[in-house]
Amino acid sequence: RTRHNNSVSRFPIMARRSGLCDIGAVTPFDARVGAVSNSAEAAELCCKVGLLDIAGEGRTLVALESILQGTRILSEKPTVVAGGRSELEECVASLLAEDPGVLAPALTPTDVSGSPGVAGFAAEAVARFSLDFLDGACWVMFRVLSVVNHACASSEEANCCLSVPFDAGAPAQGKVVDLIAVRNIQAGEPLRMPYTCPFAARSQLDALQAAHGFRCTCSTCRAPAPGAVVRGCAGCGARAGEVTLSRCSGCRSVMYCGADCQRRHRKEHKPSCGEGATKLDDADRSFLEAAAQEFDAVMAASDAALCAASQALRARQRFTGESQLEESLVMAGSFLARRVDAAPALVGSQNFAYYARGNFVKQALSRLAMRLRLLGREPRGGCGHLASRACKHLEACLDVALLTLPRFHVEVFSLLCDVKDLGEVVENLLGLAPDLEANGRPDEGTISEEGLEEVSQWCSKKLQDFSDVLAAYSDRDDKLEGD
């Protein structure tokens, strides 16, 4: 969420939806899925899944039993290579030379025709199954998770996701990545996960499909106006399962529990609905174009400020990076006030609004941490004021994510991690304030506590309300530490 273009390319397998598969035709996996070269078992199954070739789609993973939401389906240690694609090709070729079956079950040498020798096969495999992080720092390749096909995160078909948030960067070599069920999965249902960030621009999925030769036909992409398909009433927030939901006939992208909610929500939804989205007047179009351009400048300033702040925090250098981060926060706050909060009906459906809010939260957390460690002066308006603003934008991000994504999606978990971080820094500031007032040096100043207690209470309640989501991902944290 700290970058608006941080989605990643994943495994290019043709994505075509189908109903439940015949379990009798599925080839089951063993509990442990082989070994990669001299490393320990590369993948471990936590649920019964198997392989099946589906006409027009290719090989895919299929659930062989019912799987509850929040369940870890399988875990895998990917191959991580620093550098570019050529370095990954060399690594894969070396692994193939040691063990020709190293890429099973994703594919076998006979799956790739026309590849001259090990080097050619390695290049073909990397092209089909590698994951390229946009910063160019490293490439990552899975051999079991690569068989999971794509469905957009907001679609009805998506039923699982990786345990690593899209803004977290590549996993370290030897670390485990899990596949988490984001909703209840039926026996015989093919596994589907998103290949891009849930709120990435549509152009990123289009580029991914063009580069790797597949076409997504999930419910989101089949909608007349492709966009997020919400899983709750857009008017009152009632969730599927609690009430009967019907899609808006104009865009097929939002749902309502009844005509009353749809009428009340019409003014807010109309600018982004079906024909209404194409009938913006010149003033609205100019506003959105200017907002998009300004957003790019806000993100560039934020990247630079967060980098400077991180260096200061690591080096424990007093005041280093403080003014730059302060100016970036002012810039981000002004953008949100003028371009997002001032026009919610027009901007609410724009992805940059979500990213701008999440970015403000990241910057606020860094600024509050700087103050907590006494590496910077009191932020403008005081710690309580800044924490309250971060809380407001974080709550807005959660509202958007929960309307668009399943409760157990990794993006929701990532936001809850921000809630946890905000709660911890606020609690520590509340503990530091009286001590600083009684024993602090004059140059250290005091901490403004107004609003901190309310933020602390909000964070505690959110973490309690979503304890089931945190528990679903906590096993991953324990396992990573154990490795």
Side-chain angles (χ1 to χ4, degrees), residues 1 6-13 15 17 43-47 49 60-63 67-78 129 131 133 140 142 144-171 175-186 189-200 204-205 208 216 218-221 228-231 240 351 354 358 397-398 400-418 466 468-477 479-480:
R1 293 185 310 286
N6 64 348
S7 67
V8 291
S9 300
R10 276 190 164 75
F11 325 104
I13 302 176
R17 302 305 135 237
E44 179 180 1
L45 299 180
C46 307
C47 299
V49 299
T60 186
L61 285 182
V62 176
I67 302 173
L68 296 177
Q69 61 180 3
T71 299
R72 182 156 46 93
I73 301 172
L74 64 89
S75 303
E76 180 172 359
K77 293 180 180 179
F129 295 102
L131 184 156
F133 281 81
V140 179
F142 298 89
V144 180
L145 285 172
S146 63
V147 191
V148 180
N149 281 355
H150 168 78
C152 295
S154 59
S155 70
E156 298 169 351
E157 293 84 356
N159 53 22
C160 55
C161 70
L162 297 183
S163 60
V164 178
F166 280 85
D167 61 353
K175 294 300 183 181
V176 174
V177 176
D178 296 330
L179 188 67
I180 304 291
V182 298
R183 62 168 173 80
N184 294 335
I185 302 173
Q186 300 181 60
E189 186 177 349
L191 301 183
R192 314 287 186 196
M193 72 176 183
Y195 292 179
T196 58
C197 180
F199 300 102
Q204 294 186 359
L205 178 59
L208 179 65
C216 180
C218 70
S219 58
T220 297
C221 293
V229 179
V230 302
R231 296 174 176 270
N351 290 338
Y354 178 86
C397 286
L398 270 171
V400 171
L402 291 169
L403 264 182
T404 309
L405 305 171
R407 179 183 179 87
F408 283 88
H409 195 279
V410 68
E411 184 73 11
V412 176
F413 170 70
S414 181
L415 289 169
L416 293 174
C417 289
D418 288 341
F466 289 90
D468 54 342
V469 178
L470 295 169
Y473 286 87
S474 64
D475 289 340
R476 176 180 68 89
D477 294 335
K479 182 152 60 69
L480 291 182

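In this text, all values refer to a predicted model and were calculated from it rather than measured experimentally.
- Separating the CG atom in Leu415 from the CG atom in Leu405 is a distance of 9.0 Å, to the nearest 0.5 Å.
- Separating the CZ atom in Arg192 from the CD atom in Glu156 is a distance of 13.5 Å, to the nearest 0.5 Å.
- Heavy-atom minimum distance, Arg72 versus Cys46: O-CB, 3.0 Å.
- In terms of the side chain to side chain donor-acceptor pair (under 3.5 Å) criterion, Asn184 has no residue partners (sequence neighbours excluded).
- Summarising the geometry of His409 relative to Ala153, their closest heavy-atom pair is NE2-CB, 3.8 Å, with the distance given to 0.1 Å.
- Between the side chain of Ser414 and the backbone N or O of Glu411 there is no donor-acceptor pair closer than 3.5 Å.
- Between the side chain of Glu189 and the main chain of Ala63, no donor-acceptor pair closer than 3.5 Å is present.
- Annotation for Ala151 and Ser155: closest pair CB-OG, 3.7 Å, computed over non-hydrogen atoms.
- In plain terms, the two heavy atoms of Tyr354 and Val400 that are nearest each other are CD1-CG1, 3.9 Å.
- Considering all non-hydrogen atoms of both residues, Phe199 and Ala401 come closest at CZ-CA, 3.9 Å.
- Atom OG of residue Ser75 and atom CG of residue Leu179 lie 9.0 Å apart, to the nearest 0.5 angstrom.
- Looking at heavy atoms from C-beta onward, Pro190 lies out of side-chain contact with Asn149 at the 4.5 angstrom threshold.
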With side-chain contact (heavy atoms from CB on, under 4.5 Å) as the test, would you mind laying out the steps for Leu191 and Thr60 before giving the verdict? CA-CA 8 Å; Leu191 301 183; Thr60 186; 5.9 Å; no

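- Rounded to the nearest 0.5 angstrom, Lys175 NZ and Ser163 OG are separated by 12.5 Å.
- Counting heavy atoms from C-beta on, the side chains of Cys221 and Cys152 come closer than 4.5 Å.
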Test side-chain contact (heavy atoms from CB on, under 4.5 Å) on Phe413 and Ile180; report intermediate values, then the result. CA-CA 11 Å; Phe413 170 70; Ile180 304 291; over 6 Å; no

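- Taking all atoms of both residues into account, the shortest heavy-atom contact from Arg183 to Ala158 is NE-O, 3.3 Å.
- Looking only at distances, no side-chain donor or acceptor of Arg407 sits under 3.5 Å from a matching main-chain atom of Gly70.
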Verdict with supporting geometry, Val410 and Leu162, side-chain contact (heavy atoms from CB on, under 4.5 Å): CA-CA 7 Å; Val410 68; Leu162 297 183; over 6 Å; no

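- Note that the CG atom of Asn159 and the CZ atom of Phe408 stand 14.5 Å from one another [nearest 0.5 Å].
- Taking CG from Asp178 and OG1 from Thr71, the interatomic distance works out to 11.5 Å, rounded to the nearest 0.5 Å.
- Side-chain contact check for Cys160 versus Val148: some heavy-atom pair is nearer than 4.5 Å.
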Criterion side-chain contact (heavy atoms from CB on, under 4.5 Å) on Leu61 and Leu74, from CA distance to verdict: CA-CA 11 Å; Leu61 285 182; Leu74 64 89; 3.9 Å; yes

